[in-house]
Amino acid sequence: MSRPKEPESKITIADVARAAGVSPMTVSRVLNERGGASAETSQRIILAASELNYRPNPFARGLRSDRSKAIGLLVPDITNPFFPEVIRGAEDAASAAGYNLLLSNVVENSKREEELIETLLRHRVDGIIVCSARLPDAALHKALAPHRAVVLINREAPNEVAGTIVTDYETGASRAIDHLVERGRRSIAIIAGPRSSFGGKSRLVGFRKTLAAHGLKAQGIVYCDPTAAGGQTAAAQFLAETPGIDALVCYNDLNAIGAMKACRAVGISIPGQIALIGFDDIPTAELLSPALTTLRVQKREMGEEAVRLLLSRIATRNRQHGIIIVPELIVRETT
């Protein structure tokens with residue numbers, strides 16, 4: 001009776017060495033392209049590895065080389081259309097550099113965010129990128145401290161904690177208000193997104209400063225989930241409680257889409273009665289009717305730059321710190 005073939009996962013360097021008639025050290029050197037064997041021996045080792053269907057364990061290799069060739073990426077909500085483009089940019093840059101990207105979805109939960117940061121550490125990733133972190137500063141910095149290298153997207157941190165890719169939300173918000181005032185809007189309310197959002201806080205600074213510069217103040221500020229449902233609820237509250245508003249500026253495009261639905265539900269025309277501005281320029285924004293005026297953020301570029309910055313910090317402990325991305329006002333039909 002023939003002996004059953006062992007599962008592929010059980011094949012080791014020692015098995016390949018026995019099949020090729022060489023030492024495990026020689027197999028390791030050849031398979032890792034470090035030389036030390038003749039062309040004939042190298043060919044015999046490669047053939048034996050192929051016949052046995054040998055697959056190296058990347059984490060075991062990482063233990064020996066102090067590199068796993070893997071990086072972690074955390075996003076707050078993978079269903080938010082903003083993040084797939086960030087992920088695509090990060091994936092492209094990581095793949096080009098020979099790295100694998102391990103994606104984790106935080107689902108807008110700060111406790112889960114903390115747990116996932118620890119999980120990636122146990123998986124021995126070479127570094128992590130955290131998008132729009134929701135943890136408070138002290139808890140975030142403590143969770144990140146054990147990692148070899150860190151980059152934060154849309155969150156500031158000290159240089160020794162992380163490199164940063166930050167959208168200049170304050171400037172973007174200022175451009176939004178200037179545009180509304182130029183269009184004759186004076187009674188402006190703000191749908192502010194999550195209270196815990198660093199980007200949301202930066203937007204509010206820009207909104208308030210620029211309103212004050214025009215001799216105005218916000219007619220109201222409502223916090224909400226960064227979703228279409230959150231924007232719809234917030235806009236409905238304004239329409240019921242703050243009659244006379246003539247513009248809504250929103251935390252993101254999803255909030256703006258929800259606000260548009262709330263306005264339609266009560267027969268308010270956009271932009272006739274209320275002008276509307278979003279933020280991010282997700283693909284849906286230009287397909288709406290009316291098409292959404294918004295602040296465009298270069299999302300794929302953000303992902304690419306985050307990986308490049310992270311790999312630089314992994315390779316050289318480079319302490320290059322901040323990259324700032326300035327949003328572009330895209331004027332469409334809602335203003």
Side-chain angles (χ1 to χ4, degrees), residues 75-77 79-83 106-114 130-140 152-156 166-177 180 185 187-212 216-263 265-266 268 274-280 282 285 292-295 297 327 334:
V75 298
D77 182 4
T79 66
N80 184 324
F82 178 90
F83 294 107
V106 172
V107 297
E108 295 287 353
N109 185 312
S110 59
K111 180 62 176 175
R112 178 173 168 80
E113 182 175 71
E114 190 171 29
V130 184
C131 295
S132 304
R134 300 306 193 214
L135 283 166
D137 283 347
L140 179 63
L152 298 178
I153 292 178
N154 286 338
R155 180 72 174 263
E156 291 182 346
V166 177
T167 301
D168 186 353
Y169 287 116
E170 186 174 333
T171 294
S174 178
R175 290 175 176 176
I177 297 299
L180 289 171
R185 309 294 173 154
S187 184
I188 301 169
I190 299 168
I191 296 177
R195 285 184 181 272
S196 60
S197 169
F198 167 82
K201 294 172 184 175
S202 297
R203 289 169 176 81
L204 278 177
V205 170
F207 290 145
R208 285 168 165 155
K209 281 184 178 179
T210 311
L211 284 167
L216 304 171
K217 65 178 182 178
Q219 295 303 299
I221 298 170
V222 172
Y223 295 95
C224 64
D225 290 338
T227 62
Q232 183 176 358
T233 299
Q237 180 178 334
F238 277 130
L239 296 176
E241 299 176 1
T242 316
I245 60 172
D246 59 15
L248 283 170
V249 287
C250 300
Y251 171 81
N252 64 10
D253 291 345
L254 290 178
N255 279 169
I257 289 169
M260 188 179 293
K261 186 174 182 180
C263 289
V266 293
I268 290 177
I274 292 182
L276 188 63
I277 295 185
F279 219 115
D280 293 341
I282 62 175
L292 181 64
T293 294
T294 186
L295 279 298
V297 178
T334 57

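Atoms considered below: every heavy atom in the structure, side chains included; atoms not considered: hydrogens, waters and symmetry mates.
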Look at the side chain of Thr334 and the backbone N and O of Thr293, then say whether any donor-acceptor pair between them is shorter than 3.5 Å.
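Flag set: sc Thr334 to bb Thr293 pair under 3.5 Å.
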Donor-acceptor contact below 3.5 Å, side chain Gln237 vs main chain Val222
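Such a contact is absent between Gln237 side chain and Val222 backbone.
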How close do [X] and [Y] get, counting heavy atoms only, and between which atoms?
X	Y	value
Leu292	Gly278	CD1-N, 4.0 Å
Glu108	Arg134	OE1-NE, 2.9 Å
Glu113	Ser132	OE2-O, 4.4 Å
Leu239	Ala262	CD1-O, 3.9 Å

Could you tell me which residues satisfy salt bridge (charged side-chain N to carboxylate O under 4.0 Å, His left out) with [X], sequence neighbours excluded, listed by chain and number?
X	answer
Lys217	none
Arg185	none
Asp137	Arg155
Arg208	none

So how far is it from [X] [atom1] to [Y] [atom2], rounded to the nearest 0.5 Å?
X	Y	atom1	atom2	answer
Met260	Gln232	CE	CD	12.0 Å
Leu180	Leu211	CG	CG	9.0 Å
Thr167	Phe198	OG1	CZ	9.5 Å

Side-chain contact test, heavy atoms from C-beta onward, threshold under 4.5 Å: evaluate it for [X] versus [Y] and give yes or no.
X	Y	answer
Ile274	Phe238	no
Val107	Arg112	yes
Ile188	Phe207	no
Val130	Leu135	no

Under the side-chain contact (heavy atoms from CB on, under 4.5 Å) test, residues paired with [X] that sit two or more places apart:
X	value
Val75	Leu73, Ile78, Phe83, Ile87, Leu103, Asn105, Cys131
Lys111	Asn109, Glu114, Glu115
Ala192	Ile190, Leu204, Ile221, Tyr223
Thr210	Ser174, Ile177, Asp178, His214

Test of understanding: with side chain to side chain donor-acceptor pair (under 3.5 Å), list the residues that count as partners of [X], not counting sequence neighbours.
X	result
Glu170	Lys209
Thr242	none
Asp77	Thr79

Under 3.5 Å, which donor-acceptor pairs do the side chains of residues 251-259 form with other protein atoms, sequence neighbours left out?
residue	atom	partner	partner atom	Å
Tyr251	OH	Ser197	OG	2.9
Asn252	OD1	Leu254	N	3.3
Asn252	OD1	Asn255	N	2.8
Asn252	ND2	Pro226	O	3.3
Asp253	OD1	Phe279	N	2.8
Asp253	OD1	Thr294	OG1	2.7
Asp253	OD2	Asp281	N	2.7
Asp253	OD2	Ile282	N	2.8
Asn255	ND2	Asp225	O	3.0
Asn255	ND2	Thr227	O	2.8

Among side-chain atoms of Asp246 and Ser187, is any donor-acceptor pair under 3.5 angstrom?
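Judged by distance alone, the side chains do not pair up.
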